[in-house]
Amino acid sequence: MRKLKSYVRTALESCGKLRDANLLNAKALRAIAWVAASAFLMLSSPARAQSPSPFAVETNIHGIYAYTQPPAGFDPMTASADELKLYGYPPRPAATESAEALAQWTMVVNPALKRIVPQLSRRNVYHRPASGLSIQESKKTAASYNWSGYGLVEKKPTFTSVSGYWIVPTAQAAFGTCSGEPVYASQWVGIDGFSNDELFQAGTDTAAECSSGITDTLYIAWIEWLPNSEIELTADVAPGDVLNVIVTATDWSGGESSNGTLLFTDFTKQWQISESVTASGLGGTYVVGQSAEWIVERPEVGGSLATLANYVANPWYGTTATDLKGKGYTPGSSRSATAYNITMVDNGGTPISFVQLFGTDTLWFFDENSAY
């Protein structure tokens with residue numbers, strides 16, 4: 001055991017020295033890092049053994065781990081599936097998927113992006129399953145009190161991952177109001193929640209509060225696994241930022257998953273958060289993968305639905321989902337699944353947020369009317 005510990009220490013030190021001296025090529029460096037990491041896992045204490053990787057550190061919430069920066073020389077384009085997982089990157093798209101899917105994957109696995117280990121804090125904001133859902137099956141449309149967007153639904157549970165890019169909109173007071181009460185528009189991707197009560201999701205909150213003609217705004221990143229409320233991730237998010245969020249349910253057993261990963265990337269500011277999570281750590285239960293969603297929402301705040309912020313317009317692209325077999329889906333190319341276009345309505349049934357689909361994976365959201 002002492003010899004093994006010595007070997008790991010020597011390997012890591014050598015890796016650093018050789019990297020600094022630029023004497024080791026990328027493949028050799030990666031090999032040493034892999035051997036050292038594997039040995040480190042063998043030596044971990046029982047508490048440390050819960051970590052998914054020696055390159056992931058526990059956050060301030062037990063059971064939630066954040067991946068750190070990969071070593072210099074790491075090349076995701078030539079990395080194996082195990083190496084990608086070790087450093088907190090999503091798997092490479094299947095060879096049968098489109099060139100666009102590969103291009104989007106290449107963007108998020110860029111090792112030059114600055115990895116952040118966030119502080120996490122619970123907020124009294126809930127992103128619930130679709131409320132008051134009314135479906136017109138013949139038109140494949142639906143209305144909901146809290147959701148607008150697209151829901152992809154499969155009779156046999158299948159979805160394991162969902163992804164989307166969006167531009168963070170500017171939050172403004174709702175049409176014709178300056179009440180002093182905060183208004184919200186949340187953007188997120190998630191698994192389940194369309195036709196069941198389970199939901200694992202992540203995204204952004206954009207909020208505004210207008211008082212005496214002055215508007216204050218709030219922009220945050222969050223993750224949530226129902227039935228508990230959202231958890232804020234400390235990160236610099238602002239209007240106009242181009243974001244990508246990938247939510248993945250992992251370790252499937254008996255048709256359920258209670259573990260997952262999150263990859264949150266801000267391409268404007270060049271930072272990234274990669275996390276391994278458990279449902280219990282987030283205060284959740286499980287998902288079955290029956291649906292995947294791309295949503296702009298008015299969340300529940302203080303026990304009731306918030307007034308919808310006037311976000312004007314919100315473009316998305318690269319809206320994709322993946323099943324257990326690695327097959328890709330989009331709102332406009334849903335294979336055997338059914339894609340529902342969801343319009344958000346206010347308490348009187350008037351539409352207040354809707355979405356339009358362009359091509360197969362580009363969405364534009366718009367808001368209108370009373371917003372509450």
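Just the heavy atoms: all of them, side chains too, but no hydrogens, waters or symmetry mates, feed the values below. Residue numbers run from 1 in the order of the sequence given. What you see is a predicted model; the values in this text were computed from it and never measured.
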Check whether any side-chain N or O of Asn244 sits under 3.5 Å from a backbone N or O of Gly164 as a donor-acceptor pair, and report yes or no. yes
Trp188 and Trp147 aromatic ring geometry - parallel, tilted or perpendicular at 30°/60° bounds: perpendicular
Assess whether atom NZ of Lys140 is packed by more than 12 heavy atoms of other residues, nucleotides or ligands within 6.0 Å. yes
Return yes if some donor-acceptor pair links the side-chain N/O of Asn110 with the main-chain N/O of Ala112 below 3.5 Å, else return no. yes
Please determine whether side-chain hydrogen bond (donor to acceptor under 3.5 Å, both in side chains) holds for the pair Thr141 and Asn341, giving the CA-CA distance in whole Å, both sets of side-chain angles, and the decisive distance to 0.1 Å. CA-CA 5 Å; Thr141 61; Asn341 182 307; over 6 Å; no
Please determine which of Val296, Asn314, Leu308, Ile352 meets the side-chain contact (heavy atoms from CB on, under 4.5 Å) test together with Asp367. Leu308
Ignoring hydrogens, what is the shortest heavy-atom contact between Ala339 and Tyr150? Give both atom names and the distance. CB-CD2, 4.2 Å
Test Ile223 against Leu233 for side-chain contact (heavy atoms from CB on, under 4.5 Å), laying out the working first. CA-CA 8 Å; Ile223 185 171; Leu233 314 174; 4.0 Å; yes
Between Thr265 and Val108 (side chain of the first, backbone of the second, donor and acceptor by atom type, cut-off under 3.5 Å), is there such a pair? no
Side-chain contact test, heavy atoms from C-beta onward, threshold under 4.5 Å: evaluate it for Ser274 versus Leu262 and give yes or no. no
Indicate yes or no: at least one non-hydrogen side-chain atom of Tyr311 is less than 4.5 angstrom from one of Gln172. no
Using side chain to side chain donor-acceptor pair (under 3.5 Å) as the criterion, point out the one residue from Glu230, Gln201, Glu300 that pairs with His127. Glu230
In terms of side-chain heavy atoms, does Tyr317 have a donor or acceptor partner in Glu100 at a distance below 3.5 Å? no
side-chain contact (heavy atoms from CB on, under 4.5 Å) involving Ser211 - partner list, sequence neighbours excluded: none
Side-chain heavy atoms of Pro331 within contact of Trp294, under 4.5 Å: yes
With heavy-atom distances below 4.5 Å as the criterion, would you say the side chains of Leu84 and Pro91 are in contact? no
Side-chain heavy atoms nearer than 4.5 Å, only ILVMFWY residues, links allowed to pass through others: does that put Val237 and Leu120 together? yes
Do any N or O atoms from the side chain of Arg122 and from the backbone of Ser229 form a donor-acceptor pair under 3.5 angstrom? yes
Let's go through Glu154 and Ser291 carefully: what are the C-alpha distance in whole Å and the side-chain angles of both, what is the deciding distance for side-chain contact (heavy atoms from CB on, under 4.5 Å) to 0.1 Å, and is it a yes or a no? CA-CA 6 Å; Glu154 181 68 271; Ser291 62; over 6 Å; no
Carefully, step by step, assess Ser161 and Thr322 under the rule side-chain hydrogen bond (donor to acceptor under 3.5 Å, both in side chains). CA-CA 5 Å; Ser161 183; Thr322 306; 4.8 Å; no
If only atom types and distance count, is the side chain of Glu97 paired as donor or acceptor with the main-chain N or O of Gly328 below 3.5 Å? yes
Look only at the side chain of Arg92 and the backbone of Pro76, and say whether a donor-acceptor pair between them is shorter than 3.5 Å. yes
Do the side chains of Leu86 and Phe74 get nearer than 4.5 Å, heavy atoms only? no
Report, as yes or no, whether the 6.0 Å neighbourhood of atom NZ on Lys85 holds more than 12 heavy atoms from other residues, nucleotides or ligands. no
The test is side-chain hydrogen bond (donor to acceptor under 3.5 Å, both in side chains); show your working for Glu137 and Tyr340 and say whether it passes. CA-CA 9 Å; Glu137 196 64 50; Tyr340 292 94; 2.6 Å; yes
Are side-chain heavy atoms of Leu152 and Thr338 found at a separation under 4.5 Å? no
Quick check: do Asp197 and Leu226 have side-chain heavy atoms less than 4.5 Å from each other? no
Quick one: are the ring centres of Tyr67 and Phe55 less than 6.0 Å apart? no
Is there a side-chain contact (heavy atoms from CB on, under 4.5 Å) between Val189 and Ile295? Walk through the geometry before answering. CA-CA 6 Å; Val189 296; Ile295 301 295; over 6 Å; no
Do side-chain atoms of Ser144 reach the backbone of Met344 as a donor and acceptor pair under 3.5 angstrom? no
The test is ring pair (Phe, Tyr, Trp, His ring centres under 6.0 Å); show your working for Trp271 and Phe264 and say whether it passes. CA-CA 8 Å; Trp271 59 257; Phe264 202 124; 5.7 Å; yes
Measure across Gln119 and Thr234 and return the closest heavy-atom pair with its distance rounded to 0.1 Å. N-OG1, 2.8 Å
Stepwise side-chain contact (heavy atoms from CB on, under 4.5 Å) test for Thr350 and Val345: CA-CA 5 Å; Thr350 301; Val345 298; over 6 Å; no
Ser148 and Ser353: side-chain hydrogen bond (donor to acceptor under 3.5 Å, both in side chains), yes or no, with the steps? CA-CA 6 Å; Ser148 59; Ser353 180; 2.8 Å; yes
Ignoring hydrogens and angles, tell me if any N or O in the side chain of Asn146 forms a donor-acceptor pair with the backbone of Pro129 under 3.5 Å. yes
Between Tyr126 (side chain only) and Ser304 (backbone N and O only), is there a donor and an acceptor less than 3.5 Å apart? no
Give me the atom names and distance for the closest heavy-atom approach of Ala309 to Ala185. CB-N, 3.9 Å
Side chain to side chain, Trp105 and Met77, heavy atoms closer than 4.5 Å: yes
Quick check, are the ring centers of Phe365 and Trp316 under 6.0 angstrom apart? yes
side-chain contact (heavy atoms from CB on, under 4.5 Å) partner of Phe200, chosen from Val277, Asn259, Thr285: Val277
Give me the atom names and distance for the closest heavy-atom approach of Ser258 to Trp225. C-CH2, 3.6 Å
Note: Thr215 and Ala208 closest approach over all heavy atoms is CG2-CB, 3.9 Å
Parallel, tilted or perpendicular: ring planes of Phe159 versus Tyr329, cut at 30 and 60 degrees: perpendicular
Give me each pair satisfying salt bridge (charged side-chain N to carboxylate O under 4.0 Å, His left out) with a member in residues 316-331, each pair once, sequence neighbours excluded. none
Stacked cation flag Arg298 on Tyr184, 6.0 angstrom / 45 deg: no
Here the pair of heavy atoms bringing Leu113 nearest to Gln69 is O-NE2, 2.8 Å
Checking Glu297 side chain against Gln187 main chain: does a donor-acceptor pair fall under 3.5 Å? no
